J.: 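One structure is given below, represented as structure tokens, and several questions about it will come after.
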Amino acid sequence: MACRSLAWSTQVRVKGERLFEQTAGDRTESRGENIDLLDLAEIGPEKCTLDTLLHPPYAWVVATDNSTPPQGWKELAALSATAPLWISSTPGNPSWHYATGCSQIAYKNEPGSWELAAYNALVELAFLVKSRVRRLDKSEEIESGSSIVEVDSSLRGVQFVGHWRDREVAYVLARVPVSGATSHLD
């Protein structure tokens, strides 16, 4: 998973769509998404440096390219009992796009929950760069009120800069430099 996160941070193209439907009471509800991660670098353990920090009850693993030694791992503090500010208010910085991803904690596979939260943050970053909304056609008999939100963004230099969890949910804060984000939508 550490190698996959390193590949995501090097370069990734996020392409896909989300389907939304207008329901009773004028509520808009998500009906699913179809997202592909393309143009990924192939990074295995032989192509990077892995560093591990045991901080009971957690074990953290970071992968870096061989030119950049891991930084900050020896000073890692325990996850705070209090939610960080970025959980409720995404940081603002004109040089960076920020997004938060989350995932329900799967107690049999908590590392997978963290990876899913990071994936969700990555996808949110892509939608922040640029997305396009299109309404689905309405038939003569049925007015669906559905729409699709499309994305096709390349991200370079993604960083996962915050991690936190409560009893049920893992949260990951990701950022990408504005200069490292490109939309392929016309």
Side-chain angles (χ1 to χ4, degrees), residues 1-10 12 14 16-37 40 43 45 48-64 70-93 96-129 131 147 149 151 153 155 157-177 181:
M1 288 188 300
C3 293
R4 187 173 11 257
S5 291
L6 179 58
W8 291 350
S9 68
T10 303
V12 62
V14 180
E17 58 192 23
R18 290 179 170 161
L19 175 64
F20 293 93
E21 183 177 29
Q22 194 78 26
T23 62
D26 281 339
R27 291 190 52 205
T28 302
E29 293 185 12
S30 173
R31 295 295 185 219
E33 65 183 24
N34 181 16
I35 304 291
D36 291 314
L37 301 184
L40 283 168
I43 299 176
C48 63
T49 301
L50 296 174
D51 191 17
T52 305
L53 173 69
L54 296 176
H55 195 276
Y58 304 102
W60 298 90
V61 178
V62 64
T64 59
Q71 297 179 3
W73 284 87
K74 302 306 179 206
E75 299 85 28
L76 182 69
L79 295 175
S80 169
T82 307
L85 290 176
W86 56 263
I87 297 293
S88 59
S89 176
T90 305
N93 182 326
W96 296 89
H97 293 295
Y98 284 87
T100 303
C102 61
S103 173
Q104 292 291 316
I105 298 290
Y107 289 99
K108 290 187 178 182
N109 185 13
E110 186 171 337
S113 298
W114 285 105
E115 184 176 28
L116 181 56
Y119 166 85
N120 288 335
L122 181 75
V123 170
E124 290 304 316
L125 282 173
F127 275 93
L128 283 174
V129 172
S131 59
S147 58
V149 181
V151 67
S153 299
L155 307 173
V158 171
Q159 299 174 357
F160 299 99
V161 294
H163 297 80
W164 187 76
R165 69 164 285 182
D166 59 21
R167 296 180 66 91
E168 299 175 0
V169 179
Y171 299 89
V172 173
L173 177 65
R175 70 181 186 177
V176 64

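Nothing fancy with the numbering, it's 1 onward along the sequence. All figures in this text were calculated on a predicted structure; none of them were measured in a lab.
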J.: Out of curiosity, Gln159 CD to Leu125 CG, how far, rounded to the nearest 0.5 Å?
T.: 11.0 Å
J.: Quick one: list whatever passes side chain to side chain donor-acceptor pair (under 3.5 Å) with Glu115, sequence neighbours left out.
T.: Arg4
J.: Could you work out, with side chain to side chain contact (heavy atoms under 4.5 Å, CB included) as the rule, every residue matching Asn93, not counting sequence neighbours?
T.: Ser95, Trp96, Tyr98
J.: For Arg18, which residues count as a salt bridge (Lys or Arg N to Asp or Glu O under 4.0 Å) partner, sequence neighbours excluded?
T.: Glu33, Glu124
J.: What pair of heavy atoms forms the shortest contact from Ala170 to Ser113, and how long is it?
T.: CB-O, 4.4 Å
J.: Can you establish whether the number of heavy atoms outside Glu29 located under 6.0 Å from its atom CD is more than 12?
T.: yes
J.: Evaluate Trp8 against Val158 for side-chain contact (heavy atoms from CB on, under 4.5 Å), listing each step before the verdict.
T.: CA-CA 7 Å; Trp8 291 350; Val158 171; 5.7 Å; no
J.: Using the side chain to side chain contact (heavy atoms under 4.5 Å, CB included) criterion, which residues pair with Ala126? Sequence neighbours excluded.
T.: Val14, Val151, Ser153, Leu155
J.: Work out which heavy atom in Ala99 is nearest to a heavy atom in Thr90; give both atom names and the distance.
T.: N-CG2, 4.4 Å
J.: Once rounded to the nearest 0.5 Å, what's the spacing between atom CG of Leu122 and atom CD1 of Ile35?
T.: 10.0 Å
J.: Does the plane of the ring in Trp86 sit parallel, tilted or perpendicular to the ring in Tyr171? Use 30° and 60° as the thresholds.
T.: perpendicular
J.: Only counting residues at least two apart or in another chain, list the ones meeting ring pair (Phe, Tyr, Trp, His ring centres under 6.0 Å) with Phe127.
T.: none
J.: Would you give the length of the straight line joining atom CZ of Phe160 to atom CG of Leu6, rounded to the nearest 0.5 angstrom?
T.: 10.0 Å
J.: Step by step, would you call Val169 with Gln104 a side-chain contact (heavy atoms from CB on, under 4.5 Å)?
T.: CA-CA 4 Å; Val169 179; Gln104 292 291 316; 3.6 Å; yes
J.: At what distance, to the nearest 0.5 angstrom, does CG of Asp166 lie from SG of Cys102?
T.: 9.5 Å
J.: Is there a side-chain contact between Pro84 and Leu173, using heavy atoms and a 4.5 Å cut-off?
T.: no
J.: Not counting sequence neighbours, which residues clear side chain to side chain contact (heavy atoms under 4.5 Å, CB included) with Leu116? List them please.
T.: Ser103, Tyr119, Asn120
